[in-house]
Amino acid sequence: MNIFFDGRAMTKTNTSGIPEYAKLLFKNLIETRRSDERYSLFFNSFFARELPDELKGLPFETVDWRIPNKAISALSGVFGFPRIGRRFDVLFRPHFHPLRAGKGVRDILVVHDLSFARFPEFFSPKKRAWHFLQGVRKQ
């Protein structure tokens, strides 16, 4: 089984909630994988980013399109592409950054918090616009 893990929420230095969750989940998935599971980590940024130290030396492929994440979000949210191709069986998204699975690819999305949808008045106009552009209601 080929699993495409969206690691864009991870950073080398940010140890807050979702980045730490994504990093530790991916590390544990790799360390406990079955022999028929192969992982690819989508670690995209227009500028080169360094993998978190905990992931170095683990057996996985890194996929880096070197496209700005804002462009991926806009294209994926509005036009539905780019899509993760048939080479993968599963797209796992530990956060709701837009990314579309191709036909026949299972899409797993983890939603940590929907307070922005239930209580939009507690968010700035900029944050409300960001959440709207992520297309969460469509997912």
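For reference, positions follow the sequence shown, starting with 1. All heavy atoms count here, side chains included; hydrogens, waters and symmetry mates do not.
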About how many Å separate CZ of R100 and CG of D107, when rounded to the nearest 0.5 Å? 8.0 Å

Do F92 and F26 have side-chain heavy atoms sitting under 4.5 Å apart? no

Looking at residues at least two apart in the chain, or sitting in another chain, which of them share a side chain to side chain donor-acceptor pair (under 3.5 Å) with T62? none

State, with a plain yes or no, whether a side-chain heavy atom of D64 is found less than 4.5 Å away from one of F43. no

Specify the closest pair of heavy atoms between A22 and P94, including all atoms of both residues, with the distance to one decimal. CB-CG, 3.9 Å

Measure from the side-chain N and O atoms of R86 to the backbone N and O of G104, and report whether any donor-acceptor pair falls under 3.5 Å. no

ILVMFWY network linking L24 to F42, side-chain heavy atoms under 4.5 angstrom: no

With heavy-atom distances below 4.5 Å as the criterion, would you say the side chains of I30 and P59 are in contact? yes

For N2, give me all partners under side chain to side chain donor-acceptor pair (under 3.5 Å), at least two apart in sequence or on another chain. R38

In terms of hydrophobic clusters joined by side-chain contacts under 4.5 Å, are I18 and F123 together? no

Close side-chain approach of V105 and F4, heavy atoms under 4.5 Å: no

Between H95 and H112, what is the ring plane arrangement, given parallel below 30°, perpendicular above 60°, and tilted in between? tilted

Considering non-hydrogen atoms only, spot the tightest contact between L55 and K23 and give its length. CD2-O, 4.0 Å

Quick check for you: to the nearest 0.5 Å, what is the distance between I108 atom CD1 and F5 atom CZ? 10.5 Å

Are F60 and R33 side-chain neighbours, meaning at least one heavy-atom pair lies under 4.5 Å? no

How about L25 and V110: do any of their side-chain heavy atoms sit closer than 4.5 Å? no

As an exercise, state the distance from CD1 of I84 to CG of D6, rounded to the nearest 0.5 Å. 7.5 Å

All salt bridge (charged side-chain N to carboxylate O under 4.0 Å, His left out) counterparts of K27, not counting sequence neighbours: E31

Determine whether M1 and R106 make a side-chain contact, defined as any pair of heavy atoms from C-beta on separated by less than 4.5 Å. yes

Can you find a heavy atom in the side chain of F122 that is under 4.5 Å from one in the side chain of S115? no

